[in-house]
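One structure is given below, encoded as structure tokens.
Computed from a prediction, not measured in an experiment: that's the story for all the values here.
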Amino acid sequence: MSVAGVDKEDKWLRERLTTGFQLVGWLDESTLLTSPCMRPPEITEEQLRSHCTYMNEETRQKLKPSEFSEDLWKVAMEDEAEGFNDEPVDITNEGMGTCVVTRCLPIREHREGKGWRTRPCMHASENMINQATGTSRKTIHETIEWLLVMVLAIYDADLVLEMGKRDFRKAFRSCPICPEHWMYGIIVLMHQNKQWAVQFRGMFFGATAAVFAFHGVGAMMAAVVRRIWKAPLARYVDDCFAANRSDVKWSSMRCLDVVSELMGFHLDKMKSANDELEMTVLGEMVSILLASRQVPVRVAKEKAEKWSRELDEILKEGRCEAHKASQFAGRFAHTVGQVANKVV
């Protein structure tokens, strides 16, 4: 940790990695890749605890079986085997007044080349966990433009290049929750038409605190790669990517492999890419055309085909539901920002 000056900028990080990160209250925040943005808690931790009995009853009443309930159970059991949460237990009213429970929701997600999966998302706003969280900064994301800058810089130096990427495995879950906030990390889910409670030891998707906890970790690792090895690297939450000279053995990705293992934050080897002239980054296909010195960016083929099928279905039905229209508006707005005028 005492490298590259990172410990001087984020002194809190060393302690939090040892003792655990906050889940509520004013959060410790990274000064790396953040900007001032004051967002105080809407309620205090004392108010959160005083309302927990009523909120827990409301949460349990809303928890119903769904076609994806068993998917969530399977993920909980896999995470329990890795130590991210305790073994699920039957819910009883005993002790419900001393903790805050969070409903686990199934989010359907389409993965490149792997099809659909169910991802657990905790409703940390429904039980006021997020409202009891305060931040003084906001995170800054490094988007696909950062990769294009790297490519163009290497073009300008008249060198041959290649690209690589990494994806952190269980990024949020690998950030420990501090013991004094374990009472806010209890998740409820359905299994075989019964309600079960799971004590989480690591951060969970859906909590504001999880975003800031891993941002601090990820920003620190990226800073070490940049400052110690002088290697270019961009990071968007848990996705890392870079362009490197082809004649450099210790590429950005290889350096990140070492740093992440030392930190105990593991990378998903199935999503890793090395020595690529074309790869998918943040859902967009980026290509290196060495002869013409261009970097075309386009929507990834699998994503484009999926969107085309959905649009064809809308045209056949002759109507578009409001939620679907909103979904496509978000998709297109994001894609235009990523792809437009990116053939450089």
Look at E29 together with R39 and state whether they make a salt bridge at an N to O cut-off of under 4.0 Å. no
Would a distance-only check, ignoring hydrogens and angles, find a side-chain to backbone donor-acceptor pair under 3.5 Å from N85 to A76? yes
Minimum-distance pair of heavy atoms, taken over all atoms of A325 and C320: N-SG, 3.6 Å
Looking at V101, is its backbone amide N or carbonyl O close enough to the side chain of N56 to form a donor-acceptor pair, meaning the two atoms are under 3.5 Å apart? yes
F21 and W12 aromatic ring geometry - parallel, tilted or perpendicular at 30°/60° bounds: perpendicular
With T208, the side-chain hydrogen bond (donor to acceptor under 3.5 Å, both in side chains) member among T135, N130, T133: N130
Determine, stepwise, if the pair E162 / E276 fulfils side chain to side chain contact (heavy atoms under 4.5 Å, CB included). CA-CA 5 Å; E162 58 203 17; E276 301 290 338; over 6 Å; no
Rounded to the nearest 0.5 angstrom, the CG-OG distance for L72 and S66 is 6.5 Å
Does some side-chain heavy atom of Y236 sit less than 4.5 Å from a side-chain heavy atom of V281? no
Using a strict 4.0 Å threshold on nitrogen-to-oxygen distance, state whether E82 and R173 make a salt bridge. no
From C240 atom SG to D257 atom CG, the distance as rounded to the nearest 0.5 Å: 10.0 Å
Between R293 and D158, does any NZ, NE, NH1 or NH2 come within less than 4.0 Å of an OD or OE carboxylate oxygen? yes
Would you indicate whether the side-chain heavy atoms of F214 and M203 approach each other to under 4.5 Å? no
Salt-bridge present (D79, K170; N to O < 4.0 Å): yes
At their closest point, which heavy atom of M150 faces which heavy atom of A242, and how far apart are they? SD-CA, 3.6 Å
Compare every heavy atom of T102 with every heavy atom of A124, then report the nearest pair and how far apart it is. N-CG2, 3.9 Å
Step-by-step side chain to side chain contact (heavy atoms under 4.5 Å, CB included) determination, L33 to H215: CA-CA 9 Å; L33 285 171; H215 179 80; 4.0 Å; yes
Which heavy-atom pair separates R16 from D28 by the least distance, and what is that distance? NE-OD2, 2.9 Å
Quick check on the 6.0 Å ring-centre criterion: do Y184 and H181 meet it? yes
Could you check whether any side-chain N or O of E15 sits under 3.5 Å from a backbone N or O of T19, counting only pairs where one atom can act as donor and the other as acceptor? no
Inter-residue atom distance I314.CD1 - E310.CD, 0.5 Å rounding: 7.0 Å
Between R298 and E278 (salt bridge meaning N to carboxylate O under 4.0 Å), is one present in this structure? yes
Within a strict 4.5 Å, meaning less than it, do heavy atoms of the M77 and P88 side chains meet? yes
One thing to verify: whether K74 and E70 come together as a salt bridge, which I'm taking to mean a side-chain N less than 4.0 angstrom from a carboxylate O. no
With under 30° as parallel and over 60° as perpendicular, where do the rings of F332 and W307 fit, or are they tilted in between? perpendicular
List the atom of A210, the atom of F204, and the distance in Å for their closest heavy-atom pair. CB-O, 3.4 Å
Just by distance, do the side chain of T34 and the backbone of S30 share a donor-acceptor pair under 3.5 Å? yes
In short, G185 meets Q199 closest at the heavy-atom pair O-NE2, 3.5 Å
Connected via hydrophobic side-chain network under 4.5 Å: V160 and V149: no
Find out whether R331 and K303 are in side-chain contact, i.e. whether some heavy atom of one side chain is under 4.5 Å from a heavy atom of the other. no
Is the backbone N or O of Q294 less than 3.5 Å from a side-chain atom of Y155, with the two atoms forming a donor-acceptor pair by type? yes
Hey, what do you get for CD1 (I187) to CG (L63), rounding to the nearest 0.5 Å? 11.0 Å
Start with the C-alpha distance between S252 and R166, add both sets of side-chain angles, then the distance that settles side-chain hydrogen bond (donor to acceptor under 3.5 Å, both in side chains), and finish with yes or no. CA-CA 10 Å; S252 308; R166 294 290 188 272; over 6 Å; no
A side-chain contact here means heavy atoms from C-beta on lying under 4.5 Å apart; do L233 and W146 qualify? no
If you group Ile, Leu, Val, Met, Phe, Trp and Tyr by side-chain heavy-atom gaps below 4.5 Å, do V151 and V248 land in one group? no
For the residue pair V259 and M221, establish whether any side-chain heavy-atom pair is separated by less than 4.5 Å. yes
Quick one, M122 and R103 - any side-chain contact, counting heavy atoms below 4.5 Å? no
d(I43 CD1, R49 CZ) to nearest 0.5 Å is 11.0 Å
Is the shortest side-chain heavy-atom distance between F168 and V237 below 4.5 Å? no
Identify whether the distance between the nearest side-chain nitrogen and carboxylate oxygen of K324 and E313 falls below 4.0 Å. no
Flag, side chain of Q131 to backbone of S125, donor-acceptor distance under 3.5 Å: yes
Taking R235's backbone N and O only, do any of them form a donor-acceptor pair with E142's side chain (distance below 3.5 Å, no angle check)? yes
Could you tell me whether the side chain of W182 and the main chain of I177 form a donor-acceptor pair under 3.5 Å? yes
Side chains of D71 and T118: donor-acceptor distance under 3.5 Å anywhere? yes
Is it true that atom NZ of K138 has more than 12 heavy atoms of other residues, nucleotides or ligands lying nearer than 6.0 Å? no
Would you say the side-chain atoms of K165 pair up with the backbone N or O of M279, donor to acceptor, closer than 3.5 Å? no
Using the rule that two of Ile, Leu, Val, Met, Phe, Trp, Tyr join whenever any of their side-chain heavy atoms come within less than 4.5 Å, decide whether I228 and L13 are in one cluster. yes
Ignoring hydrogens and geometry, is there a side-chain-to-backbone donor-acceptor pair from W196 to H191 under 3.5 Å? yes
Nearest 0.5 Å, what's the CG-CH2 distance between L256 and W229? 9.0 Å
